[in-house]
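In what follows, every chain begins at residue 1, and chains take the letters A, B, ... in the order their sequences are listed.
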There are 2 protein chains.
Amino acid sequence: MNIRDVAKRAGVSVATVSRVLNHPDQVTEKTRDHIHEIMKEMDYTPNWFARGLNLNRTGLIALMVPNIINPIYTEIAKGVEEIAHSKGYSTFLCNSEDSIKKESDYIEMLTHRKVDGLIFIGGHLDPTLMERIEKNQLPAVMIGSIQGDWKFSQVYSDFFDGAQKATGHLIESGIKNIAHISGDLRFIESQEKLKGYKAALENTGLTWEDQWIISGDDSIEGGYLAAKRLLRLDKIPEAIFVANDWMAFGAMDAIKTEGLKIPNDIAIVGFDNNRMSALMDPKLTTIQLPAYRMGLTACRLLFDEIESGAENRTSIYLPVTLKVRQSCGHVSGIKTIFGE
Amino acid sequence: MNIRDVAKRAGVSVATVSRVLNHPDQVTEKTRDHIHEIMKEMDYTPNWFARGLNLNRTGLIALMVPNIINPIYTEIAKGVEEIAHSKGYSTFLCNSEDSIKKESDYIEMLTHRKVDGLIFIGGHLDPTLMERIEKNQLPAVMIGSIQGDWKFSQVYSDFFDGAQKATGHLIESGIKNIAHISGDLRFIESQEKLKGYKAALENTGLTWEDQWIISGDDSIEGGYLAAKRLLRLDKIPEAIFVANDWMAFGAMDAIKTEGLKIPNDIAIVGFDNNRMSALMDPKLTTIQLPAYRMGLTACRLLFDEIESGAENRTSIYLPVTLKVRQSCGHVSGIKTIFGE
DNA sequence: TTGAAAGCGCTAACAG
DNA sequence: CTGTTAGCGCTTTCAA
């Protein structure tokens, strides 16, 4: 059943039916209502391919995330989805699971499918893929940890700054031996955090040992294992700055399993303010990343570009803030209730 | 740039190029290689709409989940995605956020877009929508809490049974006053769990008070608030069976905030075996739902149907099991390490 | 094995 | 305001 059937049944031309669908104001109210009725009667829905073939528009944007299992990304997704939905667009959520192969499969597919736009987490994406996106003229927005010189609009935070704040907070509490469980160091995000950690120490005349910096692979299990290794060192650190809350959950478990107390024996500061962080015991002190707002903002930028058709690159900076709770051992965190 | 350009450049007809794409065996190896080369040279990718318009196939399946923020659904999504990806299909993740409006928007969109198949969480979907799916002849698989009489293949678990096991476990520990924080009771899943809870009590000659059954709205915050209300009753229950781990996280926080000890003052059993459950303090005793496997299985069933073209409804039952950790107060849970 | 040509269902330019 | 018609890029039948 197609537009011709509807036209026939309504006693009009296909053009008129098409107009009812695309430019309702160009049709008499009477004919319009009539046709609407017929369409409902016949339960007609326009063929999406035929439509796309003509308009070269899909009403679809894609969001590529490194790992959907980490709630911080679903938070971003919620923000993106909200804006997209309000614009009548649907969001295609692509989960690369930290695999470059999968990422590239997705980009391949997305360019085939011609989504109208793409939002991705910068620094997780292979540069070759980014070129491919550029070449395909796909409107794209990058959510990043740093401002870069790309042909994309950007929403970025300063992860270096965040890491410095996190580490600095521990230092202010009088702690000197601070270890770092890093994320996957292939990603800029993790590199920035590592730099921030080191900078905070250097700035206060402190130092670190190489064995105190361990990659946690951006997974809970990785965080667990990294913490275990730290606890087996001759000189156990007094605190750990963990590059994200997700890994921190694993690290906390490892520490407790060893019978140590957080924050008394070992203090912990995370990064992200994951939804679960306020529910851990002790509640996790962390750097608040405005994930939801990043999603909203990125999606707005994307639509600016889609709707204007122009390549108006914009960069928007969203600051991160320290969220003091209990795991850092700082007094002001102790009375925290339900994370607020 | 389109198939005609490629044909021209290769000195063949469009038909031949098309055949290279769709029926390579019908073309001489020589021409085939030549055309492949040209395509690579020109960086040609076939237009997806034009293709779909002819084939009426998209290479896309949809997965509709009630709330992506709850990790149990991302677990299912991973299973689905894995199979789909191995078949060269992409997964369109639709997040209805427990809203019937959004669900219906998505179904509307999906039928327009003609995804090749749909997997959804049964009992969360409005019956009207399910009819709509049926009418659209969309191959669909339902992941459910109960076997129903639908025109879909099903992967289901017995949530009644699970709830009974959970409650029963508390009863075996000698606890008599057991409250229940339920999910959103519009959903069959939540109803089943409520029934199982009541059945377990009745079977052992115990009873419940109406004020001990509170809906937690399937959110962390809802779980928190529900627990708070339970703690303000004159007669505080000794244990709570929470309909899912997600709400249990909130409930645990509420209990701790009140200065009570889990499990000593109040025991808790959840449902799902959410990834975070083994990291809570105390580690959460729960009913293990094989979410990942449900995703895998559902997707396999879906492809059975897509590939055969037939409507071969199958129902597959996956059992749930009790996972004893610490929050129930049962001795055998105490030495649990890292959730295993 | 290859080519010519007829659609797939829709949109929009153009003519009335 | 409405109708006629030429595509959009591809697949596939039919003929060579």
Just to be sure I understand the rule, does [X] reach a base, reach only the sugar-phosphate, or reach nothing, if contact means heavy atoms closer than 4.0 Å?
X: A:Ser18; value: base
X: A:Val17; value: nothing
X: A:Arg4; value: sugar-phosphate

| request: Determine whether B:Asp218 and B:Pro66 make a side-chain contact, defined as any pair of heavy atoms from C-beta on separated by less than 4.5 Å. | output: no
Would you call [X] and [Y] a salt bridge, using N to O less than 4.0 angstrom?
X: A:Glu81; Y: B:Lys102; value: yes
X: B:Arg300; Y: B:Asp304; value: no
X: A:Arg313; Y: A:Glu305; value: no

[X] [atom1] - [N] [atom2] separation (whole Å):
X: A:Leu21; N: C:dA12; atom1: CG; atom2: P; result: 11 Å
X: A:Gln26; N: D:dG3; atom1: CD; atom2: C1'; result: 14 Å
X: B:Arg57; N: D:dT12; atom1: CZ; atom2: P; result: 11 Å
X: A:Asn22; N: D:dT2; atom1: CG; atom2: P; result: 16 Å
X: A:Leu53; N: D:dA6; atom1: CG; atom2: P; result: 17 Å
X: B:Asn56; N: D:dC10; atom1: CG; atom2: C1'; result: 13 Å
X: A:Ile3; N: C:dA12; atom1: CD1; atom2: P; result: 11 Å
X: B:Asn2; N: D:dG7; atom1: CG; atom2: P; result: 14 Å

Nearest to the side chain of [X] - [options]?
X: B:Arg19; options: C:dT2, C:dA13, C:dT11; answer: C:dT2
X: A:Ser13; options: D:dT4, C:dA12, D:dG9; answer: D:dT4
X: B:Leu55; options: D:dT11, C:dA12, C:dA4; answer: D:dT11

| query | Would you say A:Asp43's side chain and A:Lys40's backbone share a donor-acceptor pair under 3.5 angstrom? | reply | no
Is any side-chain N or O of [X] closer than 4.0 Å to OP1 or OP2 of [N]?
X: B:Arg51; N: D:dT11; value: yes
X: B:Thr31; N: C:dT2; value: yes
X: B:His23; N: D:dT12; value: yes
X: A:Thr16; N: D:dC1; value: no

| Does A:Asn54 or B:Val12 map to a spot on DNA chain C nearer the 5' end, using the closest nucleotide for each? | B:Val12
